[in-house]
Protein chains: 2
Amino acid sequence: MTQPGTRRTGAARPTLADVAREAGVSTALVSIVMRGVPGASDATRTRVRAIADDMGYVRDERARKLRQSSSRLIGVTFDLQQAFHGDLVEHLYGAASARGYDLAISAVAPSRREDVAIQALLRERCEVAVLLGSALADDELATTADRVPLLLVARRSEVAGVSSVHSDDAGGVALAVDHLVALGHRRLVHVDGGDAPGADDRRRGFALAVERHGLGADARVVAGGPTEHDGSRAVEVLLDSPTTPTGVVAFNDRCAAGVLDLLVRRRVDVPAEVSVIGYDDSRLAVGPHAQMSTISQNAAEMAEAAIDGALDLLDGGAPREVVLAPHLVARSTTGPASGTGPVG
Amino acid sequence: MTQPGTRRTGAARPTLADVAREAGVSTALVSIVMRGVPGASDATRTRVRAIADDMGYVRDERARKLRQSSSRLIGVTFDLQQAFHGDLVEHLYGAASARGYDLAISAVAPSRREDVAIQALLRERCEVAVLLGSALADDELATTADRVPLLLVARRSEVAGVSSVHSDDAGGVALAVDHLVALGHRRLVHVDGGDAPGADDRRRGFALAVERHGLGADARVVAGGPTEHDGSRAVEVLLDSPTTPTGVVAFNDRCAAGVLDLLVRRRVDVPAEVSVIGYDDSRLAVGPHAQMSTISQNAAEMAEAAIDGALDLLDGGAPREVVLAPHLVARSTTGPASGTGPVG
DNA sequence: TCGCTCATCTAGAACGTTCTAGTCACGAAG
DNA sequence: CTTCGTGACTAGAACGTTCTAGATGAGCGA
């Protein structure tokens with residue numbers, strides 16, 4: 001077997017007609033059998049199926065979707081470099097197939113721009129497009145939304161006609177602050193996300209939360225960003241300043257990883273001296289850099305909401321914004337503030 | 001604009017026939033214009049193109065590929081959780097489009113098995129399938145290869161009829177050993193990959209290389225694996241043993257990251273006390289956990305070779321195994337062995 | 001015997017493209 | 001005046017499915 005010479009090439013793959021000829025029935029009947037819809041006797045059903053299996057028949061999804069009035073296809077763009085997008089895509093597969101839809105995924109990367117990825121999806125005739133963490137400007141979103149129903153994930157939409165699913169960023173950061181305050185921390189710092197999507201909301205959430213606890217005077221926001229490098233750089237700034245914080249709320253897990261890395265390098269004990277909390281609960285958080293405390297966006301829930309929202313748009317529902325509640329995942333990078341607890 | 005009510009839905013997207021009617025010409029002529037092939041006057045060309053743009057025409061890739069004798073489509077499966085796969089996919093996009101091919105990507109994840117991903121590609125009628133780091137057993141590979149020309153990336157193929165592109169694992173590890181030896185290290189250890197693909201070759205490469213340098217007696221192999229966790233666990237074992245090595249060759253970057261992480265935690269200075277080198281040159285290597293020294297598999301080169309190999313299979317070429325030369329990327333986690341250099 | 005229902009099966013048109021095999025007009029050559 | 005060549009364009013089939021509208025025939029009651 002598997003002789004190169006006898007391998008079926010793409011062109012020679014058997015079609016419905018081939019199976020029908022072999023079985024001595026019409027293509028329509030084979031189609032009925034393969035789809036498992038009523039209209040064929042059990043006898044022919046098993047016979048045709050056996051023949052199809054034997055010939056190695058695989059249906060041509062292209063022809064099928066071409067013929068069907070609705071393609072039942074959801075297009076998804078995602079960033080190859082973002083671990084959280086990977087988590088989302090995985091759950092989108094599950095959520096879509098549970099509703100009888102297929103997924104067409106199209107990757108965004110430094111050498112493959114988002115508009116290229118979207119164009120590919122349009123050519124596949126997906127019925128609705130789901131963009132993960134899109135970086136498109138509002139006017140680009142608007143023109144895209146003119147061509148296909150659009151739903152943004154992990155980003156807010158200010159564009160009319162575009163749905164979105166994202167977590168409550170301000171609320172999530174507030175959870176982080178509440179957690180640290182409950183542990184006795186008083187001097188908090190937020191390493192922010194710069195101009196990354198959601199960074200504004202998280203900054204705002206931090207400011208509100210510390211104010212609510214009456215800790216506004218001791219709180220600081222330092223310039224950070226969405227990468228490990230940004231987190232490390234921010235820590236350098238922090239360690240040079242006269243009063244060091246005991247609790248750090250990082251923009252996201254990658255940023256927190258950078259924070260943790262430099263703290264460990266500088267021989268700062270986490271969480272004994274400083275507590276650090278991230279945001280996303282991506283795979284980074286459960287790596288070996290300690291089990292990171294973080295705010296979870298729950299990829300599975302977000303994916304479900306995204307598919308629901310997308311199908312709702314298809315059904316003619318009005319575009320809407322779904323805000324998911326993030327929740328705290330306390331692991332080992334946060335602990336009681338020094339000077340409090342049993343000791344104090 | 002962008003009124004929800006007026007947005008075009010999937011079903012209403014304009015077709016060639018719509019454009020043709022609007023322009024008062026035949027669909028064949030519009031097709032000629034849209035493809036940019038000879039057969040239309042410049043006047044009609046510009047006129048039709050303007051009308052098409054105005055109507056927001058986007059060609060239906062499904063119908064096109066259905067009609068064309070060859071679909072010019074390359075299927076790719078990849079693991080959503082592996083950073084290196086992301087790098088590969090990015091470059092596969094570029095390499096494929098440079099040769100006039102499209103890519104259909106299908107993800108593998110804990111909840112989406114590899115055979116499901118492959119089945120989806122077969123239904124898309126891709127002409128050849130490229131599997132990144134496949135975990136399929138030989139007999140499964142054989143039956144798949146019976147349905148579609150197959151090329152494995154980052155894994156060796158022992159199956160007849162299946163092409164493969166991978167780096168010289170043994171040679172790569174030898175490079176790492178040579179590098180450490182040149183820096184004066186004598187006591188080397190290899191944190192291996194367990195039963196991960198390629199682990200055998202890397203173990204063998206390590207054994208050969210230390211033997212070649214006459215360091216076999218001082219060298220050790222400890223059980224590791226492909227994840228950060230495996231690396232960390234291995235370091236615990238190492239630090240407990242009487243003689244600690246000064247140079248560590250990790251199975252891959254993730255494993256090395258785990259090694260580095262625990263070393264830093266245990267207050268071991270890298271690279272002053274211990275040098276660590278990874279394998280892959282994935283994005284992990286250039287993170288903030290220091291700039292990691294590593295063996296690069298060069299994703300771009302690998303992707304080019306994969307597409308070349310895939311198209312060669314399509315042209316009826318015999319299946320072949322392409323072995324790429326890895327190369328050393330010395331960054332900041334390797335340095336002179338203590339006791340040598342200026343001090344000694 | 002006739003019609004009726006019902007399950008089973010089939011012919012043929014669609015879907016939106018590309019491709020093959022033309023047609024048509026027009027000017028140049030004979 | 002015919003013939004030929006050429007550039008611009010078109011009719012219609014094809015790709016592999018699904019879907020609509022029927023055909024066929026068995027069973028059955030009147």
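All heavy atoms count here, side chains included; hydrogens, waters and symmetry mates do not. What you see is a predicted model; the values in this text were computed from it and never measured. Chain letters run A, B, ... following the sequence lines, proteins first and then strands; every chain starts at 1.
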Q: For B:Ser31, report the nucleic acid contact type (base, sugar-phosphate, nothing); a contact means any heavy atom under 4.0 Å.
A: base
Q) Taking for each residue the nucleotide of DNA chain D bearing the nearest heavy atom, is the 5' side occupied by B:Asp42 or by A:Met34? A) B:Asp42
Q: Tell me, please, which residues at least two apart from B:Arg35 pass side-chain contact (heavy atoms from CB on, under 4.5 Å).
A: B:Ser31, B:Ile32, B:Val37, B:Arg64
Between the protein and nucleotides 10-12 of chain C, are there any N/O to N/O pairs under 3.5 Å, and if so, what are the atom names and distances?
{"from": "C:dT10", "atom 1": "OP2", "to": "A:Ser26", "atom 2": "N", "distance (Å)": "2.9"}
{"from": "C:dT10", "atom 1": "OP2", "to": "A:Ser26", "atom 2": "OG", "distance (Å)": "3.0"}

Only pairs under 3.5 Å count here: list side-chain donor-acceptor contacts from residues 309-324 of chain B, not counting sequence neighbours, and write none if there are none.
{"from": "B:Asp312", "atom 1": "OD2", "to": "B:Arg320", "atom 2": "NE", "distance (Å)": "3.1"}
{"from": "B:Glu321", "atom 1": "OE2", "to": "B:His166", "atom 2": "NE2", "distance (Å)": "2.8"}

Between protein and nucleotides 21-27 of chain D, what N or O pairs are separated by less than 3.5 Å?
none

Q: Starting from P on C:dC15, measure out to CZ on B:Arg13 and report it in whole angstrom.
A: 16 Å
Q.
Quick check on the helix from C:dT1-D:dA30 to C:dG30-D:dC1: what's the angle between its two end axes, five base pairs per end, to the nearest 10°?
A. 80°
Q. Out of curiosity, A:Arg49 CZ to A:Asp54 CG, how far, rounded to the nearest 0.5 Å?
A. 15.0 Å
Q: Write out all pairs satisfying salt bridge (Lys or Arg N to Asp or Glu O under 4.0 Å) with one or both partners inside residues 89-100 of chain A, taking only residues at least two apart or from two chains.
A: A:Arg99-A:Glu304, A:Arg99-A:Asp308
Q.
Could you tell me how far apart B:Asp60 (CG) and C:dT18 (C1') are, to the nearest whole angstrom?
A. 12 Å
(Q) Can you list everything that forms a side chain to side chain donor-acceptor pair (under 3.5 Å) with B:Arg156? Sequence neighbours excluded, please. (A) B:Asp201
Q) In whole angstroms, how far is the P atom of D:dC19 from the CD atom of A:Gln68? A) 6 Å
Q) Among the nucleotides C:dC19, D:dC9, D:dT17, which one has an atom lying closest to any side-chain atom of A:Ala63? A) D:dT17
Q) How close or far is atom P of D:dG16 from atom CZ of B:Arg64, stated in whole angstroms? A) 17 Å
Q.
Please enumerate all residues that pass side chain to side chain donor-acceptor pair (under 3.5 Å) together with A:Ser134, with sequence neighbours excluded.
A. A:Glu114
Q: Quick one: do A:Thr27 and A:Arg21 satisfy side-chain hydrogen bond (donor to acceptor under 3.5 Å, both in side chains)? Show the steps, please.
A: CA-CA 8 Å; A:Thr27 61; A:Arg21 198 177 318 113; over 6 Å; no
**Q.** Whole angstrom value for the distance that separates P of D:dT18 from CG of A:Leu16
**A.** 6 Å
Q) Which nucleotide in the set C:dT8, C:dT17, D:dG16 lies at the smallest distance from any side-chain heavy atom of A:Thr15? A) D:dG16
Q: Could you pull out all residues at least two apart from A:Asp139 that satisfy side chain to side chain donor-acceptor pair (under 3.5 Å)?
A: none
Q: Round to a whole Å and report the spacing from CZ of A:Arg62 to C1' of C:dC15.
A: 14 Å
Q. How close or far is atom P of D:dG16 from atom CD of B:Glu124, stated in whole angstroms?
A. 15 Å
Q.
Does D:dT17 have OP1 or OP2 under 4.0 Å away from a side-chain N or O of B:Arg125?
A. yes
**Q.** Residue list, side chain to side chain donor-acceptor pair (under 3.5 Å) with B:Thr46, at least two apart or on another chain
**A.** none
Q: Round to the nearest Å and state the distance from A:Arg59 atom CZ to D:dT17 atom P.
A: 10 Å
Q: Just do the side-chain contact (heavy atoms from CB on, under 4.5 Å) check on B:Leu150 and B:Val130 with the steps written out, would you?
A: CA-CA 6 Å; B:Leu150 213 57; B:Val130 173; over 6 Å; no
Q. Listed by chain and number, what are the side-chain contact (heavy atoms from CB on, under 4.5 Å) partners of B:Asn298, not counting sequence neighbours?
A. B:Ser296, B:Ala300, B:Glu301, B:His327
Show which side-chain atoms of residues 76-83 of chain A pair as donor or acceptor with protein atoms under 3.5 Å away, not counting sequence neighbours.
{"from": "A:Asp79", "atom 1": "OD1", "to": "A:Gln81", "atom 2": "N", "distance (Å)": "2.8"}
{"from": "A:Gln81", "atom 1": "OE1", "to": "B:Arg283", "atom 2": "NE", "distance (Å)": "3.4"}

